[in-house]
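Below is one structure; the comments refer to it alone.
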Amino acid sequence: MDEPAGRAPDARAPGRFPGVLGIDSGGSGLRIAVARADDTAARPLAVRAWDEPVPTGPAGIDAEHLLSRILPAARELGREAGVRGFAAVCVGAAGLATLGDELRARLPGALAAALGVRHLVLATDAVTAYAGALGQRPGAVVTAGTGMVALGTDLTAAGGWRRADGWGHLLGDCGGGAWIGRAGLEAALRAHDGRTGDSAALLARAEAVFGPAAGLPGALYPRPDRPAVLASFAPEVARCAAEDDAVARGILTAAAGHLADAAAAVCPPADGTPVACTGGLFGLGEPLLAPLRTALAERLPHARPAAAAGSPLDGALALAAALAGDRLALPADTKLLQITRPAPG
């Protein structure tokens, strides 16, 4: 028999075990997963995903919209995974640092009322990406998709978190997908105009994707999802670079330099510090990865490259499990990683 609406899975059900809930709310969609609370590896037992991101309004990230998705899904996933309730939840949200006031105000009470959860980690998606990539150890992680942000920590309270970029496509996100796509389209329009710094190959690709070059401003500027549209051209830049277009190669070399600069700005100074790169941008392959390896070696000779172990959703599950087991070692921060626990007594 299903639990009544608004209730978590029945904690008294025989044969069930406590679970944790991980939520990854990013620029390209929303994902939610359940793991066992006593599984230190926090392996997902059941997952749901939506392609549409949680909207942002005048008050910031829309907490009611997020809750309308995650609460029913949490109950369904709990039943599917066989958990008897959630010992802890971690919500990783893009834009939390600057647009998350409504989430910080609403989520602790709403999750406690609806799911009985009183152990909550509310983090930026960069923090959950860090946890997914490196776990709870010192290092630096560059997360790049449509945008780009780098985080580093030495795990000390004094050191806290160091953050570089993540300022959005108008003010930063240098080297990210939207940055690469915009640079590629600029080179295409230079070819259309007959200016230097142009690329006929990128012009041909831009017109194949978007139509006549003269219509690009009208096709792009009114779009509310403009960063994602710009980023959608990044694979075309990588394709032209792989075909030996000098301008496209130069764009990706410059992007790699920006990514490495951000890593260097946040990386702890200890020898052998791991540096990982995670996110969809790195699917562009060798046209980006080759200059990135060179740039990282030049800027961070003391560090060592590390493969990302998992995704931001994996990181959210790992942080929830760590909080449930009193093993959370990453530094708390009022903007980047907020921890809610029951009051003593």
Side-chain angles (χ1 to χ4, degrees), residues 19-37 39-50 53-54 70 77 88-97 120-155 161-166 176-177 259 262-263 266-268 273-283 303-325 327-333 336-339:
V20 292
L21 192 66
I23 296 157
D24 173 35
S25 176
S28 59
L30 175 67
R31 297 188 300 158
I32 177 172
V34 172
R36 289 183 66 124
D39 180 6
T40 56
R43 288 162 292 205
L45 300 174
V47 180
R48 292 287 184 276
W50 297 261
V54 175
I70 66 174
L77 291 176
V89 174
C90 175
V91 179
L96 179 74
L120 170 66
V121 179
L122 186 55
T124 69
D125 60 338
V127 168
T128 52
Y130 185 103
L134 291 183
Q136 299 196 84
R137 55 179 170 147
V141 173
V142 177
T143 305
T146 296
M148 190 281 290
V149 64
L151 279 184
T153 181
D154 60 6
L155 293 190
W161 291 100
R162 290 182 60 86
R163 168 184 158 168
D165 213 333
L259 298 173
V266 304
C267 187
T273 297
V275 177
C277 296
T278 185
L281 185 71
F282 302 104
R304 61 176 178 84
S311 70
L313 183 60
D314 296 321
L317 281 173
L319 291 178
L323 180 60
R327 295 178 286 101
L328 187 54
L330 294 179
D333 182 279
L336 300 178
L337 195 160
Q338 176 181 315
I339 301 167

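Model, not experiment: these values are computed from the prediction.
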### Message
Treating Trp161 as the side-chain partner and Leu151 as the backbone partner, does any N or O pair qualify as donor plus acceptor under 3.5 Å?
### Response
no
### Polar side-chain atom of Tyr130 near backbone of Gly139 as donor-acceptor pair, under 3.5 Å
yes
### Query
Once you round to the nearest 0.5 Å, how far does CG of Leu96 lie from OG of Ser25?
9.5 Å
### Task
Kindly say whether Ala329 contributes a backbone atom to a donor-acceptor pair with the side chain of Gln136 at under 3.5 angstrom?
yes
### Summary
Rounded to the nearest 0.5 Å, the CG atom of Leu281 sits from the OG1 atom of Thr146 at a distance of 9.0 Å
### Query
What distance do Ile70 atom CD1 and Leu30 atom CG have between them, rounded to the nearest 0.5 Å?
7.5 Å
### Partners passing side-chain contact (heavy atoms from CB on, under 4.5 Å) against Ala129 (at least two apart in sequence or in another chain)
Thr143, Thr278, Pro312
### Query
CG of Asp333 to CZ of Arg163: how many Å apart, nearest 0.5 Å?
10.0 Å
### Flag for Thr128-Asp125: side-chain donor and acceptor within less than 3.5 Å
no
### Summary
Residues Leu317 and Gly22: closest non-hydrogen pair is CD2-N, 3.4 Å
### Query
Are any of the side-chain heavy atoms of Pro44 and Leu313 separated by less than 4.5 Å?
no
### Query
Does Leu155 reach the side chain of Leu330, with side-chain heavy atoms less than 4.5 Å apart?
yes
### Message
Tell me every residue that passes salt bridge (Lys or Arg N to Asp or Glu O under 4.0 Å) with Asp39, counting only those two or more places apart in sequence or in another chain.
### Response
Arg43
### Query
Take atom CZ in Arg48; do more than 12 heavy atoms of anything else shown fall under 6.0 Å from it?
yes
### Query
Are Arg31 and Ile23 close enough that some pair of their side-chain heavy atoms sits under 4.5 Å apart?
no
### Query
What pairs with Leu323 under side-chain contact (heavy atoms from CB on, under 4.5 Å), at least two apart in sequence or on another chain?
Ala88, His119, Val121, Leu328, Ile339, Arg341
### Message
Minimum heavy-atom separation for Pro268 and Thr273, please, with both atom names.
### Response
O-OG1, 3.5 Å
### Task
Please round to the nearest 0.5 Å and tell me the distance separating atom SG of Cys277 and atom CG of Leu259.
7.0 Å
### Task
State, with a plain yes or no, whether a side-chain heavy atom of Ile32 is found less than 4.5 Å away from one of Leu21.
yes
